[in-house]
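Computed from a predicted structure; not experimentally measured.
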Amino acid sequence: MMTEKETVTEKIITDAMANPSPAKSMGDPGITPLSPSHTQNDTDQVPSGPSFVVVVAIDFGTTSSGYAYAFTKEPECIHTMRRWEGGDPGVSNQKTPTTILLTPDRKFHSFGYAARDFYHDLDPSESKHWLYLEKFKMKLHTTANLSIDTDLHAANGKRVKALDIFAYALAFFKEQALKELSDQTGGEFDNNDVRWVITVPAIWKMPAKQFMREAAYKSGLVPRENPEQLIIALEPEAASIYCRKLRLHQMVDLGTQTTQNGFSPTENVGSGMTQAKEHVRRNRQSRTFLVENVIGELWSELEEGDRYVVVDCGGGTVDLTVHQIRLPEGHLKELYKASGGPYGSIGIDYEFEKLLCRIFGQDFIDQFKIKRPAAWVDLMIAFESRKRAAAPDRTNPLNINLPFSFIDYYKKFRGHSVEHALRKSNVDFVKWSSQGMLRMSPDAMNSLFKPTIDHIIQHLSKLFSSSTILLLANCHIMRLNKRLNMVLQVHEAPV
């Protein structure tokens, strides 16, 4: 039975989800564009708002999350979150997994590596009572009628309110960031002095974006009566401004370089900036670049009217925005509405799961995920490590460790061995190793990447058919580079 206060609060949230107000200015508490030229003329005055001591931005990702902050007196000095304990063998991460663990009585327990490691160490008889969730962000994109009553499914199959999970996660980041700020300043940091930013995919519909704001209110990140303390920013727009500010570490001209996972084996990184500038000067009529790990001065070479697209390939979605440089202010004009789709790297995980179902049977995989949820998490962690080791030109197999509980449970479930299942499956490019591993040929790994990459390439092909642009890619799907080369050569034409 809800109290009168809870009923009123639920009505406020429901109304906000159904009728979110569009952003109208830089100070609007709705979805605030980061590019001034989107919402104001050159002569418009930006309304003054409350002053904040620090800006903390939370990158709430599908697979990994983190935060960074900058004090308003030193806006160019950006601090990334301090490293936390935990990690995966063979995987380099600057963020923490977007995983959350609730106790059997549905109270918040832990987030990130701490959640995953604790869940991993639980006895199977205990783990089935705990609620472990991962990769849940995409639910906001895929749910047709998103509301405060939308549910998520934990690893054990139990349902939990999505709003609660997102609020728990944001509350966790609030606590971590304020603690770090307090340590930096030598005293307890007041949350009222913080302007918070949460990034969301550009392709999200308004209800999903408003849902994040409601989760922020519920988490205590910002009070409902002070909505301007929170900015909901579009991920590719934030990336676009980021790229304008930094120096270029590596730029690969896709028309002339042969790359492997974004890197040319013979490339001299130190000379990359000089070559890039020279190429821009000599050939302004036809240029398409892939920029990775951006820390260079490309922007000093851009001119009035230059156009570029930011391709943000994340864990769940791929977002594209096309901007044009406006001088002398350096404003950005949006040429095309932000677009993209659910083409992130978790699509490769789904293909791996489909491959396992093909070999061992859908019924077994479904049961194993429910009966041995922690072991399933272990298997996907092992796959993630090998997925990142994949490369288009790789010739030797990739080995993926199968948890002992997978091997043992399969024998009990089917009455024969994992090795027997592989022999009978007719999947020629996956073999069994006597060390307890699946040996995946390069063709097998390529087949897992192909559907996701095809979606991205199709979307980019449509975009490039109408414009020649500078390509800035923040790309988790690194084997995309070779395919991009072919597409860009086909569509490259004078501006």
With the side chain counted from C-beta on, respond yes when [X] and [Y] share a heavy-atom pair under 4.5 Å apart, and no when they do not.
X	Y	answer
Asn226	Glu228	yes
Thr452	Ile346	no
Asp349	Lys135	yes
Phe136	Ile100	yes
Val322	Leu320	no
His323	Lys333	no
Leu448	Phe383	yes

Does [Y] offer a backbone N or O that forms a donor-acceptor pair with the side chain of [X] under 3.5 Å?
X	Y	answer
Arg213	Pro227	yes
Asp319	Ala202	yes
Thr72	Phe52	yes
Gln229	Asn191	yes
Thr99	Gly112	yes
Ser447	Ala444	yes
Arg116	Val377	no
Thr143	Leu140	no
Arg394	Ser441	no

To the nearest 0.5 Å, how far apart are [atom1] in [X] and [atom2] in [Y]?
X	Y	atom1	atom2	answer
Ser219	Glu175	OG	CD	12.0 Å
Thr317	Met138	OG1	CE	6.5 Å
Lys387	Phe449	NZ	CZ	6.5 Å
Arg224	Lys218	CZ	NZ	10.0 Å
Glu235	Thr321	CD	OG1	11.0 Å
Met445	Phe352	CE	CZ	8.0 Å

Quick one: closest heavy-atom pair of [X] and [Y], and the distance?
X	Y	answer
Phe166	Met212	CD2-SD, 3.6 Å
Val318	Tyr343	CG2-O, 3.4 Å
Pro236	Val310	O-CG1, 4.0 Å
Ile78	Ala68	CG2-CB, 4.1 Å
Val427	Leu355	CG1-CD1, 4.0 Å
His141	Pro342	NE2-CD, 4.0 Å

Original post:
Of Thr63, Thr80, Asp59, which is the lone residue that meets side chain to side chain donor-acceptor pair (under 3.5 Å) with Lys95?
Top reply: Asp59
Original post:
Looking at Val197, Ile198, Leu181, Leu221, which hits side-chain contact (heavy atoms from CB on, under 4.5 Å) with Val56?
Top reply: Leu181
Original post:
Only one of Thr98, Thr62, Ile165, Val200 forms a side-chain contact (heavy atoms from CB on, under 4.5 Å) with Lys137, so which one is it?
Top reply: Thr62
Original post:
Under a 4.0 Å N-O cut-off, is there an ion pair linking Glu384 with Arg388?
Top reply: yes
Subject >> Charged N-O contact under 4.0 Å between Lys139 and Asp151 >> reply: no
Subject >> Parallel, tilted or perpendicular: rings of Phe108 and Phe172 (30°, 60°) >> reply: tilted
Original post:
Parallel, tilted or perpendicular: which fits the ring planes of His79 and Tyr69, with parallel below 30° and perpendicular above 60°?
Top reply: parallel
Subject >> Heavy atoms from other residues, nucleotides or ligands near NZ of Lys354 exceed 12 (cutoff 6.0 Å) >> reply: no
Original post:
Got a sec: does the CG of Asn396 have more than 12 other heavy atoms crowding it under 6.0 Å?
Top reply: yes
Subject >> Axial cation check for Trp204 ring with Lys209, 6.0 Å and 45° limits >> reply: no
**OP:** Before giving the answer on side-chain contact (heavy atoms from CB on, under 4.5 Å), spell out for Leu356 and Leu379 the whole-Å C-alpha distance, their side-chain angles and the decisive distance to 0.1 Å.
**Re:** CA-CA 11 Å; Leu356 293 177; Leu379 175 56; 3.8 Å; yes
Original post:
Do Gln176 and Glu180 have side-chain atoms, one donor and one acceptor, less than 3.5 Å apart?
Top reply: no
**OP:** Verify side-chain contact (heavy atoms from CB on, under 4.5 Å) between Glu334 and Glu237, making sure each step is shown before the conclusion.
**Re:** CA-CA 10 Å; Glu334 186 178 65; Glu237 288 196 346; 3.9 Å; yes
Original post:
Hey, mind stepping through Phe71 and Val53 against side-chain contact (heavy atoms from CB on, under 4.5 Å) and telling me if it holds?
Top reply: CA-CA 6 Å; Phe71 292 95; Val53 176; 4.1 Å; yes
